[in-house]
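Working notes for the structure below.
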Amino acid sequence: MSAAQAQQKICSEWNPVNKNEHKGIWVYVEYVNGVIKDGSLQLIGKARELASKINTDVTAIMLGSNLGDVVKEPIYYGADRVIYVDHPALAKYVPHIYANVIVQLANKYKPEIILFAATKRGRELAPYVANSLRTGITADCTELDVDPKTRDLDQVRPTYGGNILAHIRTPTRRPQLASVRPNVFPTPPRDTSRKGEIIAETIDSIPNINGQGLIEVRPVVKGEELPPVEKADIVVVAGRGVGSADGVKLLTELARLLGGTIGGTKKVVDAGWLPADRQVGQTGKTIRPTLYIGVGVSGAIQHVFGMKESKVIVAINSDPNAPIFQYADYGIVGDYRDVVKELIELLRNYKK
Amino acid sequence: MSGLTIIVPVKAAVPNVTAVRLDPVTHNLVREGVPLMLNPYDRNALEFALRLKDRYGGKVITLSMAPPSGKDFLESTIGMGADEAYLITDRAFAGADTLATSYTVARSIQRLFPNFDLIVFGEETTDSTTAHMPAQVASWLSLPFVYYAVDAEVKLEDRLIVVTRYLEDEGVYETYEYKMPIIISVYKNSNPPRDISLVRKVEAKLNGLVKVVDNNTLKLERECIGLRGSPTIVAKIEDAKPIERKKQIFKGDPKEAAKWLLDNLTKEGVIRP
């Protein structure tokens with residue numbers, strides 16, 4: 001963008017921005033029901049890397065009530081500073097209230113970059129914060145880089161089905177906001193000897209919460225105890241080729257014996273053979289296990305998008321021309337029932 | 001006591017996301033000459049809105065910022081049960097990112113339907129999948145917002161709404177109470193949509209039921225809309241580079257196949273038998 005364009009008249013509902021006033025990289029650290037989200041910790045690691053390129057520091061933002069010692073955690077994972085707001089009105093998560101508090105903090109401290117984990121809550125908060133600061137935002141990034149000259153954040157996101165990567169920038173506005181898919185970056189090691197600055201911040205006003213707010217939280221009771229797909233080292237994924245809920249059951253047995261978990265493609269979830277939170281792919285979860293085993297998975301681009309970063313990929317499919325074999329390290333062509341039964345048999349014998 | 005005025009903003013999505021054409025200069029999606037369809041998740045949102053109307057009365061209005069060809073998919077929303085449909089279209093809106101789009105949608109709603117109770121969005125679109133719009137429109141209108149709704153109950157006399165939503169990644173339902181107006185997005189795996197009545201859709205076309213609104217009516221400031229109102233730029237696009245894979249294929253006896261696989265996986269160090 002040329003200087004002339006940058007000087008252009010801006011929307012009267014936008015505040016003027018002096019880019020030089022904005023310094024530092026922020027990570028919003030999502031803390032819900034006593035747990036810090038892994039996606040937030042992963043972003044602290046990435047933010048460190050970006051900060052060293054533009055010679056700035058990393059600040060973690062935390063909100064809640066009676067936070068206690070948990071505010072030190074971001075420091076242990078690599079943040080230089082934590083700014084937290086501890087207020088009774090933040091005891092329960094209410095989207096517009098949390099978002100407004102982050103907006104107030106950003107207006108006061110003027111960071112140049114704010115990163116959110118693209119969890120369900122993060123995807124809800126980030127666009128409100130960006131819009132209230134009259135700046136751009138990029139959703140579900142899978143890579144981030146920063147230009148040391150312009151300090152522009154290079155926000156990379158797969159788009160239109162995942163076969164195109166778009167590099168998005170916000171050249172004239174600050175801060176620059178992005179949400180980043182959980183599990184695309186590794187979680188940094190926790191080091192309790194790290195020291196950092198901890199700032200308790202107060203805010204001018206919390207929006208009126210009269211008749212506005214969270215009244216009930218109801219966890220879904222889960223019938224089985226296999227870990228979620230994004231947390232397991234080994235994931236067996238059922239595709240439509242497994243044919244039935246019974247097929248999924250057989251694969252679940254295989255997953256159990258391998259010490260892994262079960263997932264499914266969109267088709268399998270749509271058929272009701274697995275719950276939606278086990279869907280792997282563009283409209284489901286992105287996973288990076290050490291071992292992915294796709295059974296009866298054809299390899300549609302939308303699914304591949306969610307698993308292609310796996311360390312080792314195995315495909316079992318009766319169709320030798322299934323696209324999934326193009327992404328596989330090891331492929332077996334054949335009836336999956338026979339092969340999986342043999343695998344189960346062998347693994348049982350190993351256990352004995 | 002009046003019923004609810006519910007606005008459902010919808011998007012013309014590109015049906016086949018893997019066969020799109022991008023403008024070589026702006027990297028924006030070429031929409032001219034591409035058949036458009038109603039974003040599938042917007043149908044879940046429309047279903048959510050129609051169920052509220054069925055229970056509490058009122059009307060459901062769909063609205064879309066789209067090229068003139070967007071008329072057809074708005075007729076589909078009338079076919080599904082919407083009472084009115086508005087096409088917000090003007091060359092000046094072209095090239096908008098999500099900030100400029102949300103501005104156009106928010107200000108259009110404010111001007112055309114100042115007394116709305118609810119704005120109900122789909123969770124995201126299948127082509128760009130940002131899920132930005134509901135929160136951004138909430139920000140322009142300074143309203144509370146909540147994503148991933150699966151159900152809602154309304155207390156008409158107090159203008160209160162109790163929304164239940166599902167957080168897929170936490171496996172948790174949360175219930176919120178708000179004073180209306182508020183903005184909701186609907187969880188994409190909920191509220192399976194009713195059929196589109198072709199009779200109603202054809203009637204909508206024959207009777208010109210979709211109302212067209214341009215910027216001569218809305219008078220939105222040029223600097224706030226389209227390309228000029230968009231802070232983000234697509235700096236570069238590239239093909240996603242795949243990781244090199246071994247592509248070793250085994251065909252034959254299942255017993256041997258299973259042994260071959262476990263041996264290789266043990267060698268790779270990814271399983272410990």
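Numbers restart at 1 for each chain; the letters A, B, ... are given by sequence-line order, proteins then strands. A quick note: this is a predicted structure, and the numbers were derived from the prediction, not measured.
Of the residues considered (B:S185, B:A131, B:A100), B:A131 shows the highest number of contacts with chain A, using heavy-atom pairs under 4.5 Å. Residue with the most contacts toward chain B among A:P289, A:G136, A:P182: A:G136 (heavy-atom pairs, distance under 4.5 Å). Annotation: maximal heavy-atom pairing with chain B below 4.5 Å, among A:A315, A:G331, A:G284, occurs at A:G331. Across A:V339, A:V312, A:T290, the residue that shares the most heavy-atom pairs under 4.5 angstrom with chain B is A:V312. Options A:L291, A:I344, A:D152 differ in how many heavy-atom pairs under 4.5 Å they form with chain B, and the most are formed by A:L291. Options B:P134, B:G269, B:A135 differ in how many heavy-atom pairs under 4.5 Å they form with chain A, and the most are formed by B:A135. Chain B forms more heavy-atom pairs under 4.5 Å with one residue of A:Q176, A:Q155, A:K311, A:R169 than with any other, namely A:R169.
Side-chain contact between B:R222 and A:K9 is absent, with no heavy-atom pair separated by less than 4.5 Å. Looking only at side-chain heavy atoms (C-beta outward), B:K246 and A:Y330 come within less than 4.5 Å of each other. In this structure the side chain of A:K285 reaches within 4.5 angstrom of the side chain of B:D169, judged on heavy atoms. Side-chain atoms of A:I164 and B:E238, non-hydrogen and from C-beta on, never get closer than 4.5 Å to each other. Side-chain contact between B:R165 and A:K120 is absent, with no heavy atoms from C-beta onward closer than 4.5 Å.
Sorted by first then second residue, the side-chain hydrogen bond (donor to acceptor under 3.5 Å, both in side chains) pairs that include residues 138-149 of chain B, not counting sequence neighbours, are A:N131-B:S139, A:N131-B:W140, A:S132-B:S139, B:S102-B:W140.
The side chain to side chain contact (heavy atoms under 4.5 Å, CB included) test with A:L258 is passed by exactly one of B:V270, B:I271, B:L265: B:I271.
At a 4.5 Å heavy-atom cutoff, the contact between B:L261 and chain A is made by side-chain atoms alone. There is no contact between B:E256 and chain A, counting heavy-atom distances below 4.5 Å.
A cation-pi contact links A:R218 to B:Y173, judged by a cut-off of 6.0 Å to the six-membered ring centre and 45° from its axis.
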Evaluation steps, salt bridge (Lys or Arg N to Asp or Glu O under 4.0 Å), between B:K259 and A:E345: CA-CA 10 Å; B:K259 181 149 189 338; A:E345 181 75 23; over 6 Å; no
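Taking both residues in full, the closest heavy atoms of B:H132 and A:A139 are given as NE2-CB, 3.4 Å, listed atom of the first, atom of the second, then distance.
The line from CZ of B:R228 to SG of A:C11 is 10.5 Å long, rounded to the nearest 0.5 Å.
Taking the six-membered ring wherever Trp is involved, the centroid distance between the rings of B:F145 and A:Y128 falls below 6.0 Å.
In this model, no donor atom of one side chain and acceptor atom of the other lie less than 3.5 Å apart for A:S12 and B:E223.
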